[in-house]
Undergrad: 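Take a look at this one; I'll ask things after.
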2 protein chains.
Amino acid sequence: MAITSHDVARLAGVSQPTVSRALRDHPRVSLETRAKVREAAKSLGYVTNHAGRSLSTLSTGRIGIVSAELGNPFYPALIAPLHDELSARGYRTILVTDRGSDPLELETLIDGSLDGVILTTSEIDSEIPRELARRGLPMVLLNRVVDDLKADTCTTDDAGGAALIANLFADLGHTCIAAIIGHPNASTSRDGQLGFVHALAERGLELPEDMIRIGPFTSQFGASAFRELMTDGERPTAVYCMNDVIAIGALNGAKELGIDVPNDVTIVGLDDIEMASWSTINLTTVHTDIPGMARAAADLILKRIANPTAPPIHHQESVSLVLRGTHGPAH
Amino acid sequence: MAITSHDVARLAGVSQPTVSRALRDHPRVSLETRAKVREAAKSLGYVTNHAGRSLSTLSTGRIGIVSAELGNPFYPALIAPLHDELSARGYRTILVTDRGSDPLELETLIDGSLDGVILTTSEIDSEIPRELARRGLPMVLLNRVVDDLKADTCTTDDAGGAALIANLFADLGHTCIAAIIGHPNASTSRDGQLGFVHALAERGLELPEDMIRIGPFTSQFGASAFRELMTDGERPTAVYCMNDVIAIGALNGAKELGIDVPNDVTIVGLDDIEMASWSTINLTTVHTDIPGMARAAADLILKRIANPTAPPIHHQESVSLVLRGTHGPAH
DNA sequence: CATTGACATGCATACGTATGCATGCGAGCG
DNA sequence: CGCTCGCATGCATACGTATGCATGTCAATG
């Protein structure tokens with residue numbers, strides 16, 4: 001059915017190996033033969049079969065990107081530049097959407113169809129990165145990290161970002177402070193929370209238990225957690241949200257309750273996704289260079305593929321405060 | 001380096017073909033041997049090599065989804081249920097992000113590494129679907145369609161949705177009506193525009209040239225087009241946006257200009273993505289059953305793979321109006 | 001006890017490509 | 001004119017798995 005290099009060889013009047021060499025510009029094929037083979041291949045519409053090539057070369061030219069939360073715009077924003085960078089370096093990108101407990105996913109990563117894997121949504125106790133490490137598959141942990149694993153990582157300064165916000169709150173005179181935090185098995189949540197609490201403490205402030213809400217990284221959760229915070233017990237005057245999606249959910253919750261932001265309450269996010277800059281949102285948040293982080297991760301995985309035994313590299317992207325319209329002084 | 005079925009065979013004391021059969025529960029392998037092989041495979045951590053299997057069976061168990069605009073939340077919302085449905089039916093999903101003129105992309109689709117392809121962002125004159133058709137690769141056109149091609153399609157009733165909006169505008173008494181439309185080489189744009197103009201005409205209304213803005217499906221374009229419409233010449237009192245992302249951009253533009261929605265102007269979108277229901281957005285729009293459409297597309301591609309020569313099927317998803325907070329009567 | 005048949009397994013090979021090695025050819029040199 | 005060398009190409013094979021066919025074993029049957 002499909003056209004093979006044997007078909008091309010027959011048409012060009014050469015052997016199959018010569019076709020293989022000619023199409024990849026092997027220097028030991030005469031220019032004349034190369035042209036003849038090229039023409040035959042073109043006229044037949046020949047495309048090198050991936051399974052055959054991959055079986056023969058024991059490499060695939062494909063890198064997997066594992067992401068669980070495509071619905072969170074942070075991830076598409078991360079994946080697009082990753083794809084572009086890898087593509088420019090001659091690698092194809094396979095997006096593996098990790099939808100929870102699908103055992104097929106792990107197999108997809110280790111069945112030999114990928115040269116390397118970039119994990120973006122690992123949890124602290126994830127088995128997948130450990131299994132990949134065990135099998136020696138080149139891997140980069142992007143964004144979220146896993147404990148006690150010798151692997152390349154590429155992260156943002158979550159603790160530093162949280163500290164920026166803690167100091168902003170302190171500068172604005174807030175004393176009753178709340179936080180809406182992502183699930184704690186994401187390293188970003190853990191590091192952000194620790195960084196936040198630590199920085200508050202340095203300013204003589206604290207984050208009491210009942211001012212913390214923990215849940216998924218969704219706007220729905222942001223909204224419901226915010227409503228809870230504003231209706232149960234004492235009302236906070238400033239709310240730190242672990243990412244922009246949660247923060248936007250909190251803004252939705254405020255709208256529903258008729259609470260004015262920033263006059264009644266300050267809401268701040270983290271990531272600076274594109275939506276945060278929309279006029280209808282106008283969220284004060286912490287900026288990270290997402291494309292820059294993606295390019296660094298692309299670089300790391302290619303280095304790792306080239307040299308599987310080099311010591312692990314840890315790249316950390318710096319952060320900066322973006323003051324927009326959702327913060328204000330304590331009243 | 002990697003474990004092969006030969007290694008398992010050696011450990012289990014059987015031949016390689018027996019390993020192959022045992023692991024796939026071939027009935028002609030004794031239960032005893034199956035257990036022995038399973039144990040050997042498990043202890044070695046054996047995973048079937050994809051290239052080998054694919055080369056031998058001439059099928060891959062993988063379906064490609066081609067999407068260009070992951071940043072538009074419509075597509076992740078479409079891809080997630082597609083992935084789930086295909087996964088439940090035993091197929092893996094490969095997301096191929098089509099980033100414009102990358103010639104590698106086409107090769108990725110036709111190099112034999114996919115059993116079928118679902119195209120979500122084809123343009124009317126796209127070469128890719130035609131090339132796939134020429135090569136007889138099973139294919140479904142989802143969301144956007146291509147002219148003069150015998151292929152399965154799965155679309156929403158774009159013209160019907162646009163007509164719902166036209167009638168809403170007419171019912172509300174609007175006479176000065178504008179439209180912000182996506183690029184015209186997307187079939188959804190063309191059909192939506194035609195349906196809109198036609199339905200307006202039936203109500204004795206029209207859409208003048210200078211009330212139309214055409215551009216990409218982004219919120220940035222929605223905002224800039226809206227600002228133009230409100231500052232050049234006569235001001236429309238109702239603006240039809242070709243999708244929710246553009247509509248939200250228009251809302252941003254309105255905010256920047258200090259224009260009140262819906263008192264000063266009516267803005268309506270199309271798709272009913274999740275963001276449209278957020279309290280901070282609260283967009284009046286047209287609802288489509290996105291997961292339902294995805295499931296239908298999954299069904300179509302699997303049917304097509306099972307029977308490549310059956311006549312093409314055209315699935316159309318119906319639509320309904322969702323009245324929220326961005327429409328109002330003409331003043 | 002010989003024959004048949006069901007059943008379990010192994011052998012050989014195919015899938016498509018890439019590569020080490022051998023071969024053949026022509027030119028250059030002594 | 002014969003030898004050597006370089007270059008272009010073909011041959012054989014490897015990559016890992018799946019499958020048609022042949023083979024072997026054992027129990028049941030006449």
Side-chain angles (χ1 to χ4, degrees), chain A residues 1-38 40-41 44-62 107-108 110-115 135 137, chain B residues 1-38 40-41 44-62 90 92 107-108 110-115 135 137:
Chain A
M1 173 84 194
I3 310 295
T4 75
S5 55
H6 289 93
D7 300 320
V8 177
R10 207 169 306 126
L11 180 61
V14 298
S15 71
Q16 178 272 324
T18 298
V19 171
S20 169
R21 285 190 266 251
L23 293 180
R24 286 172 308 123
D25 282 324
H26 192 290
R28 298 178 65 104
V29 175
S30 70
L31 290 176
E32 191 189 5
T33 306
R34 281 191 227 182
K36 202 168 54 180
V37 169
R38 284 228 127 76
L44 291 175
Y46 170 74
V47 171
T48 308
N49 178 284
H50 179 65
R53 164 170 291 173
S54 152
L55 200 51
S56 185
T57 60
L58 299 181
S59 78
T60 67
R62 283 151 165 62
E107 237 186 83
T108 308
I110 58 182
D111 67 2
S113 50
L114 298 173
D115 289 346
R135 292 175 180 270
L137 190 65
Chain B
M1 170 91 192
I3 309 296
T4 75
S5 55
H6 290 93
D7 300 321
V8 177
R10 208 170 304 126
L11 179 62
V14 298
S15 72
Q16 177 273 324
T18 298
V19 171
S20 168
R21 284 190 266 253
L23 292 180
R24 286 173 306 124
D25 282 322
H26 192 289
R28 297 178 67 105
V29 175
S30 71
L31 290 176
E32 191 188 5
T33 306
R34 280 191 228 183
K36 202 169 52 182
V37 170
R38 284 227 127 75
L44 290 175
Y46 170 73
V47 171
T48 308
N49 177 284
H50 179 65
R53 165 169 291 173
S54 152
L55 201 52
S56 185
T57 60
L58 299 181
S59 77
T60 67
R62 280 152 165 64
R92 318 275 174 87
E107 235 185 85
T108 308
I110 58 181
D111 68 2
S113 51
L114 299 173
D115 289 345
R135 293 176 181 268
L137 191 65

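Since the model is a prediction, treat every value here as computed from it, not as a measurement.
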Undergrad: Is there a side-chain contact between A:Arg21 and A:Val37, using heavy atoms and a 4.5 Å cut-off?
TA: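 No, their side chains stay 4.5 Å or more apart.
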Undergrad: How would you label the contact of B:Thr48 with the nucleic acid (heavy atoms, under 4.0 Å): base, sugar-phosphate, or nothing?
TA: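 Contact class for B:Thr48: sugar-phosphate only.
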Undergrad: Roughly, in whole Å, what's the span from CG in B:Asn49 to P in C:dG16?
TA: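 These atoms are roughly 16 Å apart.
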Undergrad: Using a heavy-atom cut-off of under 4.0 Å over every strand shown, decide if B:His6 touches base, sugar-phosphate, or nothing.
TA: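 Base, at least one base atom sits under 4.0 Å.
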Undergrad: Whole Å only: how far is the CZ atom of A:Arg34 from the C1' atom of D:dA8?
TA: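 My rounded result for the distance is 11 Å.
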Undergrad: Whole angstroms only, please: what is the CD1-C1' distance between B:Ile110 and C:dG16?
TA: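 Rounding to the nearest Å, CD1 of B:Ile110 and C1' of C:dG16 are 16 Å apart.
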Undergrad: Rounded to whole Å, please give me the gap between CG in A:Leu55 and P in D:dT17.
TA: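 Between P of D:dT17 and CG of A:Leu55: 9 Å.
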Undergrad: Salt bridge check: are B:Arg92 and B:Asp115 linked by an N-O gap of less than 4.0 Å?
TA: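 No.
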Undergrad: Closer to the 5' end of DNA chain C via nearest nucleotide, is it B:Leu58 or B:Val14?
TA: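 The residue mapped nearer the 5' terminus is B:Val14.
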Undergrad: Could you state the NE2-C1' distance from B:His50 to C:dT17, rounded to the nearest angstrom?
TA: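 Going from B:His50 (NE2) to C:dT17 (C1'), I get 16 Å.
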Undergrad: If you look at every heavy atom in B:Ser113 and B:Thr60, which pair is closest and at what distance?
TA: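 Shortest heavy-atom separation between B:Ser113 and B:Thr60 comes out as O-OG1, 3.4 Å.
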Undergrad: Between A:Ser30 and D:dT9, is there a contact of a side-chain N or O with OP1 or OP2 at under 4.0 Å?
TA: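 A:Ser30 to D:dT9 OP1/OP2: side-chain N or O found under 4.0 Å.
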Undergrad: If you look at every strand shown and take non-hydrogen atoms under 4.0 Å, does A:Val19 touch a base, only sugar-phosphate, or nothing?
TA: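 Here A:Val19 touches no strand at all.
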Undergrad: Between A:Gln16 and A:Arg28, which has a closest nucleotide on DNA chain D that is more 5'?
TA: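 Here A:Arg28 is the residue nearer the 5' end.
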Undergrad: When we call it a touch if two heavy atoms are under 4.0 Å apart, what does B:Ser20 touch: a base, just sugar-phosphate, or nothing?
TA: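 Since a base atom lies under 4.0 Å of B:Ser20, the category is base.
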Undergrad: Report yes if at least one side-chain N or O of A:Thr4 is closer than 4.0 Å to OP1 or OP2 of C:dG16; otherwise report no.
TA: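 So the side-chain polar atoms of A:Thr4 never come under 4.0 Å of the phosphate oxygens OP1 or OP2 of C:dG16.
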Undergrad: Choosing from D:dG10, D:dT17, C:dT9, which nucleotide comes nearest the side chain of A:Ser15?
TA: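 Nucleotide nearest to A:Ser15's side chain: D:dG10.
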Undergrad: Between A:Val29 and A:Arg24, is any pair of side-chain heavy atoms under 4.5 Å apart?
TA: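 A side-chain contact is absent here, since even the closest heavy-atom pair is not under 4.5 Å.
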Undergrad: Taking only the side-chain nitrogens and oxygens of A:Ser5, find out if one of them lies under 4.0 Å from OP1 or OP2 of C:dT17.
TA: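 For C:dT17, OP1 or OP2 has a side-chain N or O of A:Ser5 closer than 4.0 Å.
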Undergrad: Which heavy atom in A:Arg38 sits nearest to a heavy atom in A:Leu23, and how many Å separate them?
TA: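 Closest pair (atom of A:Arg38, atom of A:Leu23, distance): NH2-O, 3.1 Å.
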Undergrad: Roughly how many Å is it from NE2 in B:His26 to P in D:dC21, rounded to a whole number?
TA: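 One finds 13 Å between P of D:dC21 and NE2 of B:His26, rounded.
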Undergrad: Verify the contact: side-chain N or O of A:Thr33 to OP1 or OP2 of D:dT9, cut-off strictly under 4.0 Å; return yes or no.
TA: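 Affirmative; the distance criterion is met.
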Undergrad: It should be established whether B:Ser56 places a side-chain nitrogen or oxygen under 4.0 Å from OP1 or OP2 of nucleotide C:dC15.
TA: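 Answer no for this pair, as no side-chain N or O of B:Ser56 is under 4.0 Å from OP1 or OP2.
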Undergrad: Taking CZ from A:Arg10 and C1' from C:dG16, how many angstroms apart are they, rounded to a whole number?
TA: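 Answer to the nearest Å: 13 Å.
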Undergrad: Let me spell it out: for each of B:Arg21 and B:Ala51, pick the nucleotide of DNA chain D with the closest heavy atom. Which residue's pick is nearer the 5' end?
TA: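 Its nucleotide being nearer the 5' end, the pick is B:Ala51.
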Undergrad: For B:Ile3 versus B:Tyr46, what's the shortest heavy-atom pair and its separation?
TA: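 Shortest heavy-atom separation between B:Ile3 and B:Tyr46 comes out as O-CD1, 3.5 Å.
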Undergrad: Can you tell me the distance, in whole Å, between the CD atom of A:Glu107 and the P atom of D:dG16?
TA: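 Interatomic distance, CD of A:Glu107 to P of D:dG16: 17 Å.
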